[in-house]
Amino acid sequence: MDKRIIAATLAVLVSSATFAQSQSFKLGQWTEIQNSILKELSRSYVDSLPIDRMERAGIDAMLESLDPYTVYIPEEDNEDLQMMIAKTYGGIGAIIYKPDKDGNVIINEPYKGSPADKYGLRCGDEILEIDGQTTHGLTSAECSEKMKGKPGTTVKFKVKKVRTGEIVDIEVLRERIHMPDIEFAGMLEDGTTGYIYQSGFTENVSGELRNAFLKLKSQGMKKLVLDLRGNGGGLMSEAINIVSLFVPKGSLVVSSKGKSDASETQYKTTNDPIDTEIPIIVLVDSGSASSSEIVTGALQDLDRATVMGTRTFGKGLIQRILPLPYNGQLKVTIGKYYTPSGRCLQAIDYSHRNEDGSVGHIPDSLTHEFKTAHGRTVRDGGGITPDVIIKGHDYSRLTYSLVYSGIIQDYILEFVRKHESVPEDYRLTDADWDDFVAFAKTKDFDYRSSAKTYFDQMKKELDKDGLSQNMKDQIAAMQKALEMDKETFLELKKDEIVPFIEEEIAVRYHFQEAGIKVRVHYDDQLKEALTKPLISY
């Protein structure tokens, strides 16, 4: 062997060994320093040390310096981890609402078929006591924690019924509550298009989707819309299984790379598909992340679906959950994933992000071209750019304020108290709308338009700079033009507020699926997608 090759090889080996030793030395050094600091604080600090809080803060700060997805999960949060992985928990299956700390807990929404539903708890029922303890003074989180528990155990409620006002004792047997990821599957109005709304990637969602697809196909489906908007992802294995439903066995879905290029792993479909021909539209937006992007990217790269909507979140990282001492767990980023064409969907950095965390604008000059199975050009740089861009509805600041301040939720509870039942396809009447406007007018919430908020901020800056006096006439004229009372603004935005109210009413009387039907009825982005030509070969 050439002596120069031997020398170069030895140099690399020595360099690698030195680096490994250096890393190990630094790790031991900092561990020793940290332990010494804690010991000295324990001996010398003037007050008692909040050791648990200090250690947790230190761990969190350490992990925050890496990436947003590597996190420590202590034992007490394991139930939340199970919720994240499998969308399951032990409890009664209901969303609760507590208008204020001194008020009663209100059943806001029981899940269909849940213990809460089976034992007759309805929207608007007030929970006065939980296992003999009053709910006054407790937060929503504290009440929720008391309702949860091991499946097979019981929890006792003292309940004031919503319509009769009767106070009754109800004992509910807790169950393992599973919240399905396939929240809706049905045929659209044209009678040939199937629509599936998928909200997550927890255990066996691929089986749920398979069953939903076959049911729709038996009903005459000729085209499928798979709606992944707002789907933040989950298990990569479920993403691979979903792609395998629609592409030939042995197709590459995704590959991953860890610390070194040699660690690349390819994930291919191992099951026979159920349909490789039916046209598919995948709907995405900036909330579609992680496993949603794996499915979308694979179906786009394999030219199996037409992607529509807006660019996806841009999370191309893979996490693994590792056990730690004292039943803690570490969710750690172990690699990046790549679509079949070779694209990495991870944003170039974490700083160029939109307010919702999704990837911001990245010029083409900083991205690279890749080719799909049939030679179409796609690019990397963060997220997936749809084949057909369709922007979603931009809601006004007023509508957001009505939702987040709880005005719509409070009105729905009033509506439920007055109406024993409504049909599943209920539409808000003019009289109901007038009731809502009268109700909202009495409530204290920020109803300013976006323009008015910017004007208020500008006026503060003008005051700060001493310019207000010089521009007082212009400022007064602009303020007058932007001023709008609650009723006028509500009437102006009626068309975008009514769908929110109708959806919430549908959910309260006929559960989540009915609410999604209302959402689909008003979904302009979906309607536009159905008019667009699909990619075909």
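Values reported hereafter were calculated over all heavy atoms of this structure, with side chains retained and with hydrogens, waters and symmetry mates removed. Residue indices begin at 1 and follow the sequence shown.
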Show the nearest heavy-atom pair for residues [X] and [Y], with the distance to one decimal.
X	Y	result
P499	V518	O-CG1, 4.0 Å
T202	E238	O-CG, 3.4 Å
E208	H178	OE2-NE2, 3.3 Å

How about [X]: does its [atom1] atom have over 12 heavy atoms from other parts shown lying under 6.0 Å from it?
X	atom1	result
E189	CD	no
D444	CG	no
K215	NZ	no
E420	CD	no
E32	CD	no
F445	CZ	yes

**Study point:** Worked verdict on I96 versus C143 for side-chain contact (heavy atoms from CB on, under 4.5 Å)
**Key:** CA-CA 9 Å; I96 60 173; C143 293; 3.9 Å; yes
Practice item. Go through the steps to decide whether T333 and Q319 satisfy the test side chain to side chain donor-acceptor pair (under 3.5 Å), and finish with yes or no. Key: CA-CA 4 Å; T333 298; Q319 281 77 44; 2.9 Å; yes
Can [X] and [Y] be counted as an ion pair, charged N to O under 4.0 angstrom?
X	Y	answer
K494	D430	yes
D60	R56	yes
K161	D125	yes
E461	K464	yes
E504	R508	yes

Point to revise | Which residues share a salt bridge (charged side-chain N to carboxylate O under 4.0 Å, His left out) with E503, sequence neighbours left out | key: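 Only R519 meet the salt bridge (charged side-chain N to carboxylate O under 4.0 Å, His left out) criterion with E503.
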Exercise for review: Take D456 and K460 through the test salt bridge (charged side-chain N to carboxylate O under 4.0 Å, His left out) and record every step on the way to the result.
Suggested key: CA-CA 6 Å; D456 290 344; K460 287 180 181 178; over 6 Å; no
Do [X] and [Y] touch side chain to side chain, with heavy atoms closer than 4.5 Å?
X	Y	value
I167	L128	yes
H510	K517	no
D523	R229	yes
H136	N104	yes
L138	Q133	yes
L228	T296	yes
L402	K493	no
L209	Q198	yes

Drop me the distance from [X]'s [atom1] to [Y]'s [atom2], to the nearest 0.5 angstrom.
X	Y	atom1	atom2	value
H521	D425	NE2	CG	9.5 Å
Q409	F500	CD	CZ	13.5 Å
T135	I106	OG1	CD1	9.5 Å
I407	K486	CD1	NZ	7.5 Å
F455	R448	CZ	CZ	11.5 Å
L462	I475	CG	CD1	5.0 Å

Check your understanding: Strictly by modelled atom types, are S396 and E496 linked by a side-chain donor-acceptor pair under 3.5 Å?
Key ->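 There is such a pair (donor and acceptor under 3.5 Å, judged by atom type) between the side chains of S396 and E496.
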Hey, does the side chain of [X] reach the backbone of [Y] with a donor-acceptor pair shorter than 3.5 angstrom?
X	Y	answer
E175	S114	no
D285	G309	no
S290	G233	no
S292	N231	yes
E293	G316	no
Y509	H419	yes
S44	E40	yes
D131	K156	yes
E502	L428	yes
Y337	K315	yes

**Study point:** Steps toward side chain to side chain donor-acceptor pair (under 3.5 Å) verdict (D446, S401)
**Key:** CA-CA 7 Å; D446 187 354; S401 184; 5.8 Å; no
Point to revise | Pairs satisfying salt bridge (charged side-chain N to carboxylate O under 4.0 Å, His left out), at least one member in residues 399-419, at least two apart | key: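 Only E414-R417 qualify under salt bridge (charged side-chain N to carboxylate O under 4.0 Å, His left out).
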**Study point:** Test log, rule side-chain contact (heavy atoms from CB on, under 4.5 Å), inputs F157 and I92
**Key:** CA-CA 11 Å; F157 298 108; I92 69 168; 3.9 Å; yes
Check your understanding: Once the angle between the rings of Y195 and F184 is folded into 0 to 90°, is it parallel (under 30°), tilted (30 to 60°) or perpendicular (over 60°)?
Key ->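 The rings of Y195 and F184 sit tilted, inter-plane angle from 30° to 60°.
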Review point. Would you call the rings of F436 and W433 parallel, tilted or perpendicular, where under 30° means parallel and over 60° means perpendicular?
Key: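 It falls in the tilted class, 30° to 60°.
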Review point. Could you go step by step and tell me if Q329 and L324 meet the side-chain contact (heavy atoms from CB on, under 4.5 Å) rule?
Key: CA-CA 5 Å; Q329 300 185 75; L324 293 175; 5.6 Å; no
Check your understanding: Given K443 and S405, is the side-chain contact (heavy atoms from CB on, under 4.5 Å) satisfied, shown in steps?
Key -> CA-CA 10 Å; K443 300 299 179 180; S405 64; over 6 Å; no
Practice item. Check N108, V162, I107 against L413 for a side chain to side chain contact (heavy atoms under 4.5 Å, CB included) and give me the one that passes. Key: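 Exactly one candidate clears the test, N108.
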